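All values below were derived from every heavy atom in this structure, side-chain atoms included, with hydrogens, water molecules and symmetry-related copies excluded. If you're wondering where the values come from, they're calculated on a predicted model, not measured in any experiment.
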Amino acid sequence: MNIYVLQAFLDGVLMGGIYALAALGLSLIFGVLKITNFAHGAMMTMGMYAVYAISVGMGIGPYAALPLAMAMMFGLGFLIQRVLINSIDHAPAYNQLLLTLGVAYILENVLLMVFTPNYRTLTVDAFQKAIHIGPLTVAPARLIMFAVVLAVTAGFYMLLYKTRVGRSIRASAQDEEGARLMGIHVKRIRAAAFGLGAVCTGIAGGLLTPVMSIYPTLGESFQLKCFVIAVLGGMGNLWGAFLSGIFIGVIESLSGYFLGGTWSEMLIYGAFILILLVRPTGIFGRGNRRES
Amino acid sequence: MIVLLAAAVIFPFFAGRYMMSIGVSVLLMAALGQSWNIMSGYAGQFSFGHAAFFGVGAYTSSILYVDYGVSPWIGMLLGMGAAALLGVLIGFLSFRYHLRGDFFALVTLAFAEILRVLFNNSAALKGAEGVLIPYRDVWQEFQFRDDRIFYLILLLMVIAITAFIGVISRRKFGVCLIAIKESQGVAQSLGVPVLKYKLAAMAVSGAAAAMAGTFYAQYYGFIDPGTVFTSSISVEAIVPCIIGGSGTLSGPLLGALIIVPLQELSNSLFEDVHGLNMVIYGVLIVVFIMFCRDGIYGALVKRQKGVET
């Protein structure tokens, strides 16, 4: 196998981790709240700037800033759901979509007002200097990024499957009315789910801060990819979303190598339409599909 | 309504250059909003990709004009036809596979994105540089020195789309579309040819957006994939309907009339604060969705009828 292909594959897997985590958040929000979150890209950008601001403001490294950024993102997501989305719970579906769109405009442009449209970089030299693994080269920052993604996802698994809150979240996703009858405070759980989705997204964004230059509309480019991935994995199917994220990362990187960057976008969007049409429950087959 | 119309007609004879450009922006948003209104407001098929139709309209007339010397008037008609076909294609695929709600919206979004990438990367379609329309000042070629003529033509377009909606909403076609929105199953069981009507709505809606697209190209003289195929165009089609009231005849007009001046105002008041006007945009969307779901027009109608909700 060509060494460049192998390198492209590795890059794809590492970037795919970010896609996977962000799409996991999207899928969780869809699974529990049945909302396609159009503020997802903007929330990702919030995560980037949260890490940036904390890191610069407190003079600590980007990875040390991550936990605080996570807490902030949870609060933000919790509030968005509790204050805004919750109060139009029973409106027609597209209202919630539009609401998240409005939120996206607000978040993105508040960032624009505060941080200006200029590119910001927060690269730490020690993490940027490429290291060699056999014939391959990779920046340590990207390895850390992937390691954190794996750790967070594992933590997520524990939270969802081993704790009471996690069980409540899964119950609410499966059957809201049933969950309520079992004494679960569904409203709070829904807010928690949105908060957790925001955390996933925020971490995915925050991990990119040490890797690339950030600007307020950067998240937009990730948002559509998250939609593609979450649909591919089956909306609401978390592990499907995670696997598809890695998969899309690899496909994008390889097709970028073979076809050139922008045509790979066409390929991905084309596949997206095909999946939406033919198999909207995703290739793993267990996602839940909303009828409106 | 008549007062509004009269004001719109005499407006260009009093307004200065700056006011004229705002007037054109208002009408452009109104045209886009009305086109969205047909497919999504009346027929209930939520589109998040009206930029696809808008862009197809703008590009069809522009490429035909620049490369083949075809008058943009004819190009506009061809573009409308192309957009109508695109609408039927998207609709047929989606409805064939029973897509609804968010998934339908995502498909329309994906089509707009694919077109953007396609136009951005294919040299035959002018690539990322876009198309520059040479200026000639010949009315046969949809060019005028006087902005007022542009304005009046666009006004005519908006009136035409609005009149079309007004007429269909009293006839079988419009009533059936509303029935489909309210409950597709019931409409079907009552013998409404659901698929045919939905496709017709998408075709008309696409054609109307394409018409606005050609106007945009001729008026501003330049298009590229990054402006005509972006999701912000799609959003511009939705927002006036939400603010004014979707599924109502004059809602989108009211919406456009409110949003554009508000944005201009915030732009000129806070010139050096980047993004504030878009924050206002976002806040407007959130506030209307939360507190005034039927839009301004819907709320007015409700108040008149004395219905409390």
Looking at chain A, which one of B/Glu113, B/Met278, B/Gln184 has the largest number of heavy-atom pairs inside 4.5 Å, strictly under? B/Met278

What part of A/Ile88 gets within 4.5 angstrom of chain B, counting heavy atoms only: side chain, backbone, both, or neither? both

Mind listing the closest non-hydrogen atom pair of B/Leu106 and A/Val231 along with its distance? CD1-CG2, 4.2 Å

Taking every heavy-atom pair that is under 4.5 Å apart, which of A/Leu224, A/Leu111, A/Thr116, A/Ile268 has the most such pairs with chain B? A/Leu224

I want to check something: taking the side chain as every heavy atom from C-beta on, are B/Leu276 and A/Asn109 in contact at a cut-off of under 4.5 Å? no

For B/Val287, which atoms come within 4.5 Å of any heavy atom of chain A: side chain, backbone, both, or neither? neither

Interatomic spacing from CD in A/Glu265 to CG in B/Leu118 - rounded to 0.5 Å: 12.0 Å

Check whether any side-chain heavy atom of A/Ile106 lies under 4.5 Å from a side-chain heavy atom of B/Tyr281, and answer yes or no. no

So do A/Met266 and B/Arg116 actually touch side chain to side chain, heavy atoms under 4.5 Å? no

Could you measure the distance from the CG atom of A/Asn95 to the CD1 atom of B/Ile289? Nearest 0.5 Å is fine. 4.5 Å

Minimum side-chain heavy-atom gap B/Val279-A/Tyr105 below 4.5 Å: no

Can you establish whether the number of heavy atoms outside A/Phe78 located under 6.0 Å from its atom CZ is more than 12? yes

Is it true that atom CZ of A/Phe247 has more than 12 heavy atoms of other residues, nucleotides or ligands lying nearer than 6.0 Å? no

If you count heavy-atom pairs under 4.5 Å between each of B/Ile242, B/Ile285, B/Ile114 and chain A, which one has the most? B/Ile114

For atom CZ of A/Arg188, is the number of surrounding heavy atoms from other residues, nucleotides or ligands below 6.0 Å larger than 12? no

Between A/Leu277, A/Leu112, A/Ile273, the one whose heavy-atom pairs under 4.5 Å with chain B are most numerous: A/Leu277

A/Leu276 vs B/Tyr97, test: side-chain contact (heavy atoms from CB on, under 4.5 Å). Steps then yes/no. CA-CA 9 Å; A/Leu276 273 173; B/Tyr97 291 101; over 6 Å; no

Portion of B/Ile238 that has a non-hydrogen atom of chain A nearer than 4.5 angstrom: side chain

Counting only non-hydrogen atoms closer than 4.5 Å, does B/Leu284 touch chain A with its backbone (N, CA, C, O), its side chain (CB onward), both, or neither? neither

What residue, out of B/Val239, B/Asn277, B/Leu109, has the most heavy-atom pairs lying under 4.5 Å from chain A? B/Leu109

Is it the case that the ring center of A/Phe38 lies less than 6.0 angstrom away from the ring center of B/Phe48? yes

Any heavy-atom pair between the side chains of A/Leu84 and B/Met290 that's under 4.5 Å? yes

Side chain, backbone, both or neither: which part of B/Ser246 has a heavy atom under 4.5 Å from chain A? side chain

When the 4.5 angstrom heavy-atom criterion is applied to A/Val83 and chain B, the contacting part is backbone

